[in-house]
Undergrad: 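There's a structure below that I have some questions on.
Predicted model, so just to flag it, every value in this text is computed and none were measured. Residue numbers start from 1 in every chain, and the chains themselves are labelled A, B, ... in the order their sequence lines are given, proteins ahead of strands.
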Amino acid sequence: MIEKTTWSIWHWLLGAWMLVVVYGAFFYAPTAQGFVGESARIVFFHVPQAWVAVLAFCVNLWASLRYLARRDPLDDARAAAAARLGLVFCVLATLTGSLFAKVMWGEFWNWDPRQISIVILLLVYAAYFALREAVADEERRGGLAAAYAALAFVTMPFLVFVVPRIYFSLHPDTLINVRGEIDMDGRMLQVLLAALVGFTGVFIWLYTLEVRVARVLMARRRREENV
Amino acid sequence: MFAKEVRSELRARVAVNAIGLFGLTTLVAVAYQIGPYQIHEQDRPHLLAALLWIILFFAALSGLQRVFVKEEDAHTAKTLRLAASPLAVWGGKLAFNVALLAALETFLVPLYCILMRMMVQGILPLIALLAVGCLAMAATATMVAAIIARAAGSGTLFAILAVPLMLPLLVMLIQGTRMAMTSPAWGDILPALQGVGALAGVTVVTSIYLFPVVWHD
């Protein structure tokens, strides 16, 4: 009961926090210089979505390695849940990035190295689910999917950091650029950091829900097997 | 393990035939349809580098997946598990795939340069890139081949899993080849060479830890 109340309070706090983030993104943060109109405000949604996607893939790796070490089916469910959410946030980051590209450069898709990188990342984790579908045996599925997840994860730094720097990119400098400096107005930075915290909270909430559903389904299956 | 792989391949020659003929057929089709004169001078380095690696990449995909699938098909995988340590199996299969890919590159790259009139300024940097690229591609393909051998529909699954994993590698290889075509200096090809080398290294190290899990699953 206490746990339920605590969760309920957290959800309300998260909702309030996200409302503040949305308000801050449109009314508190100033208009950025060097961008068309108000297009730069998308940074408060696009960057946290990309961050959460990377975080989700990190959680996927953690759960996969845990599964390989302990062979607990719940760890496999955790890995799948994280990868699923990672894919969702990856799609959202791609869509918001495309909107920004349309406003800034006139086209939704410019074959920019960062756009290509994120699409490859989507394909890599979509393949993770194709592999899961192709293996019927649960334990073998968990093991193979975990191995693939680890292999997929090692390519991620190359997609996120190496490939976009080999080719010329239209993409604005990342938050922490090659000079190691943050080129952002103080109030914009405050809203961006708040958005990063808020989106991380949304991820934790959705991830917890997915894991709870998986736990319930597993318990039901165990009961059915015992009957 | 490597000698066993070579002996087994010399008996049936399935992978050699698949890789060689796929590569040759694609090269002939590209040379016939595009040829050396259909590309503007300023586009040559980029297009020729991209076409070369697309031919090598898809030819490699047609043969590299067989290393583990053939053991499952012939029902020899269980015996292999008892007869050799996982690392020996992985090392042998990787060495065989590297040899197969190196043979394909030795045969196809000079032929491609002749047919497409591809002039390379930095021959040594290109050879280094081909060697490191060969190791990176073979390492990824070997590990994915081990995974798909234990799943249903392994043929199609190999392409679904391997192509996205190899795309960053392909991007860096195309960029490196382009630089080798236009400049003899090692410094120009170095970023791509470092990227490919790093990817090869992390894939090999990750595979050493993951392969025993996949092999005994």
Side-chain angles (χ1 to χ4, degrees), chain A residues 61 64-65 67-71 76 87 90 111-169, chain B residues 46 136 139-144 146-176 178-179 189-217:
Chain A
L61 176 73
S64 298
L65 295 179
Y67 178 80
L68 291 178
R70 306 190 321 166
R71 297 282 164 167
D76 182 41
L87 269 181
C90 217
W111 293 107
D112 187 80
R114 284 205 182 268
Q115 287 180 320
I116 296 164
S117 291
I118 204 159
V119 167
I120 299 175
L121 204 58
L122 276 173
L123 290 174
V124 166
Y125 282 92
Y128 171 82
F129 287 103
L131 175 64
R132 292 184 70 85
E133 294 291 320
V135 187
D137 180 70
E138 266 186 35
E139 197 175 337
R140 185 178 286 180
R141 178 173 60 212
L144 295 182
Y148 178 78
L151 199 61
F153 190 83
V154 298
T155 62
M156 197 163 68
F158 292 89
L159 285 169
V160 177
F161 302 111
V162 180
V163 171
R165 284 175 172 82
I166 286 185
Y167 285 101
F168 167 76
S169 175
Chain B
H46 197 84
T140 311
T142 307
M143 197 55 215
V144 174
I147 292 173
I148 57 113
R150 318 277 291 153
S154 48
T156 42
L157 202 57
F158 182 78
I160 292 169
L161 299 190
V163 172
L165 283 184
M166 288 194 198
L167 279 178
L169 177 67
L170 206 59
V171 169
M172 292 187 283
L173 286 169
I174 290 170
Q175 176 69 2
R178 191 165 73 103
M179 297 317 292
I189 201 178
L190 209 57
L193 202 56
Q194 282 173 331
V196 175
L199 190 54
V202 293
T203 311
V204 166
V205 172
T206 313
S207 301
I208 288 171
Y209 287 98
L210 289 179
F211 182 74
V213 178
V214 174
W215 185 235
H216 285 301
D217 227 323

Undergrad: Nearest heavy-atom pair of B:Pro164 and A:Ile120: which atoms, and what distance?
TA: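 Of all heavy-atom pairs spanning B:Pro164 and A:Ile120, the closest is O-CG2, 3.4 Å.
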
Undergrad: Based on non-hydrogen pairs under 4.5 Å, which of A:Ile116, A:Asp137, A:Leu151, A:Leu122 is most in contact with chain B?
TA: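 Ranked by heavy-atom pairs under 4.5 Å with chain B, first place is A:Leu151.
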
Undergrad: Taking B:Val163, B:Thr203, B:Leu167, B:Leu199 one by one, which has the highest count of heavy-atom pairs under 4.5 Å against chain A?
TA: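 Between B:Val163, B:Thr203, B:Leu167, B:Leu199, the count favours B:Leu199.
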
Undergrad: Examine whether an atom of A:Arg71 lies under 4.5 Å from a heavy atom of chain B, and if so say whether it belongs to the side chain, the backbone or both; otherwise answer neither.
TA: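 Looking at A:Arg71, just its side chain touches chain B.
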
Undergrad: Can you tell me if B:Tyr209 has over 12 outside heavy atoms packed within less than 6.0 Å of its OH?
TA: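 At most 12 heavy atoms, drawn from other residues, nucleotides or ligands, come within 6.0 Å of this atom.
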
Undergrad: Shorter than 4.5 Å, heavy atoms on both sides: which option in B:Leu169, B:Ile147, B:Thr206 has the most such pairs with chain A?
TA: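 Among B:Leu169, B:Ile147, B:Thr206, the one with the most close pairs to chain A is B:Ile147.
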
Undergrad: Considering non-hydrogen atoms only, spot the tightest contact between A:Tyr148 and B:Leu161 and give its length.
TA: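 Smallest heavy-atom distance, with atoms named: OH-O, 3.6 Å.
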
Undergrad: What distance separates A:Leu68 CG from B:Leu210 CG, expressed to the nearest 0.5 Å?
TA: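 One gets 7.0 Å once the value is rounded to the nearest 0.5 Å.
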
Undergrad: If you look at every heavy atom in A:Phe158 and B:Pro168, which pair is closest and at what distance?
TA: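 That closest heavy-atom pairing would be CB-CB, 4.5 Å.
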
Undergrad: If you compare all heavy atoms of A:Ala127 against all heavy atoms of B:Ile160, which two are closest, and at what distance to 0.1 Å?
TA: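 Taking A:Ala127 first and B:Ile160 second, the nearest heavy atoms are CB-O, 3.5 Å.
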
